[in-house]
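Everything on this sheet refers to the single structure shown next.
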Number of protein chains: 2
Amino acid sequence: MRISTELLKGVLEGIILQRIDAGINYGYEITKNLRDFGFEDLAEGTVYTILVRLEKNELVDVEKRKSEMGPMRKFYQLNQAGKERLNLFWQHWDFLINKMTELRKEN
Amino acid sequence: MRISTELLKGVLEGIILQRIDAGINYGYEITKNLRDFGFEDLAEGTVYTILVRLEKNELVDVEKRKSEMGPMRKFYQLNQAGKERLNLFWQHWDFLINKMTELRKEN
DNA sequence: TTCATCTATTCTGTAATACTATGTAGTGGT
DNA sequence: ACCACTACATAGTATTACAGAATAGATGAA
């Protein structure tokens, strides 16, 4: 399903934080994983922009490691701030889906 | 709760379409209603920009009517295209929350 | 060697969106 | 006259996801 890209704004950062936390640790793999997951049209460039942003905002620790295949990989891990951000994201998300569900019921 | 405004992108248009469909038909009322509903920091200007956009995209029919209080009101109603858009929005929304719920479970 | 292919990252520019801030205007009460 | 409330509009800004292209290393086939 190709959902409106606007709907992904704000959400995608949370998704990627969650993926990193779940052990999907570098850009290429994250992209593939999310595409398999159903976000088929997710652009590779989008994932990398978000990773750069996470790094700039100091939500992740980064380490370059050799790949068994192809060029060097950049491995990401959530630091304390990153974990808090992920937590906050889920809070916001829960708030939103609750409100949306209520709203939908009203007629 | 003050949720990240990025999280509202794409969502807010859907919310407003839903409100119009539910019989909340003009900007000022929509703003108040949504603020009461929990979106406390929702800016009035934001609602009006979205209403203008809906009109420009021909998703709504518009009618000016006298108010009992204050200046003229602009009453909005969903036309066929608007109803289809609202429908599509909920489809996208359902897709997204399903995916998010799955994702969250993984670890 | 040469070429394609897969892995992996980076960067520039663009469109869409919500928000800030501000302005305009009508009505009613004191 | 003054203020609060109702009601709409809009210019400018920041953030974001995406398109598209470039770069680069490793592998295998011709």
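Each chain gets a letter, A, B and so on, in the order the sequences are listed, and its residues count up from 1.
Look at B/E29 and B/R19 and you find no salt bridge, because none of the NZ, NE, NH1 or NH2 atoms lies under 4.0 Å from a carboxylate O. We find that B/K74 and B/E63 are not joined by a salt bridge, their nearest charged nitrogen and carboxylate oxygen being 4.0 Å or further apart. The pair A/E13-A/R85 meets the salt-bridge criterion, with a side-chain N (NZ, NE, NH1 or NH2) lying under 4.0 Å from an Asp/Glu carboxylate O. In summary, A/R104 and B/D94 engage in a salt bridge, as defined by a charged side-chain N under 4.0 Å from a carboxylate O. By the 4.0 Å N-to-carboxylate-O rule, A/E102 lies too far from A/K105 to be salt-bridged with it.
Relative ring orientation between A/W93 and B/W93 is described as tilted, the plane-to-plane angle lying within the 30° to 60° band. Taking the six-membered ring where the residue is Trp, B/F95 and A/F39 present perpendicular rings, their angle passing 60° and hence far from 30°.
Distance, A/R2 CZ to D/dA19 P: 7 Å, rounded to whole Å. Computed from coordinates, the A/Y28 OH to D/dG25 P distance equals 17 Å when rounded to whole Å. To the nearest angstrom, C1' of C/dC6 lies 11 Å from CD of A/E44. For the pair B/R35 CZ and D/dA7 P, the computed distance is 14 Å after rounding to whole Å. Across the protein-nucleic acid pair, B/I30 atom CD1 and C/dA18 atom P stand 14 Å apart, rounded to whole Å. Rounded to whole Å, the distance from CD1 on B/I3 to C1' on C/dA18 is 11 Å.
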task: Would you sort out whether B/K32 and B/E44 count as a salt bridge (charged side-chain N to carboxylate O under 4.0 Å, His left out), showing the intermediate values?
output: CA-CA 9 Å; B/K32 276 211 303 185; B/E44 215 176 353; over 6 Å; no
Would you check, one step at a time, whether the test side chain to side chain contact (heavy atoms under 4.5 Å, CB included) holds for A/L88 with A/H92?
CA-CA 6 Å; A/L88 188 65; A/H92 287 177; 3.8 Å; yes
Report task. Kindly determine whether A/L103 and B/F37 satisfy side chain to side chain contact (heavy atoms under 4.5 Å, CB included), including the steps that lead there. Result -> CA-CA 8 Å; A/L103 249 160; B/F37 210 82; 3.6 Å; yes
Would B/R73 and B/E68 count as a side chain to side chain contact (heavy atoms under 4.5 Å, CB included) here? Give the steps. CA-CA 10 Å; B/R73 290 176 184 159; B/E68 310 92 55; 3.5 Å; yes
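Heavy-atom nearest nucleotides on DNA chain D were determined for A/E6 and for A/D41, and the one closer to the 5' end corresponds to A/E6.
Heavy atoms of A/A43 sit under 4.0 angstrom from primed sugar atoms or phosphate atoms, though from no base atom.
Heavy-atom distances under 4.0 Å link DNA chain D to no residue of residues 83-91 of chain B. Listed by residue number, the members of residues 7-27 of chain A with any heavy atom below 4.0 angstrom from DNA chain C are A/K9, A/Y26, A/G27. Proximity of residues 47-82 of chain A to DNA chain C (heavy atom under 4.0 angstrom from any strand atom) is restricted to A/Y48, A/S67, A/M69, A/P71, A/M72, A/R73, A/K74.
Phosphate proximity of D/dA17 to A/T5: absent, as no side-chain N or O sits under 4.0 Å from OP1 or OP2. One finds no side-chain N or O of A/K32 lying less than 4.0 angstrom from the OP1 or OP2 phosphate oxygen of C/dA8.
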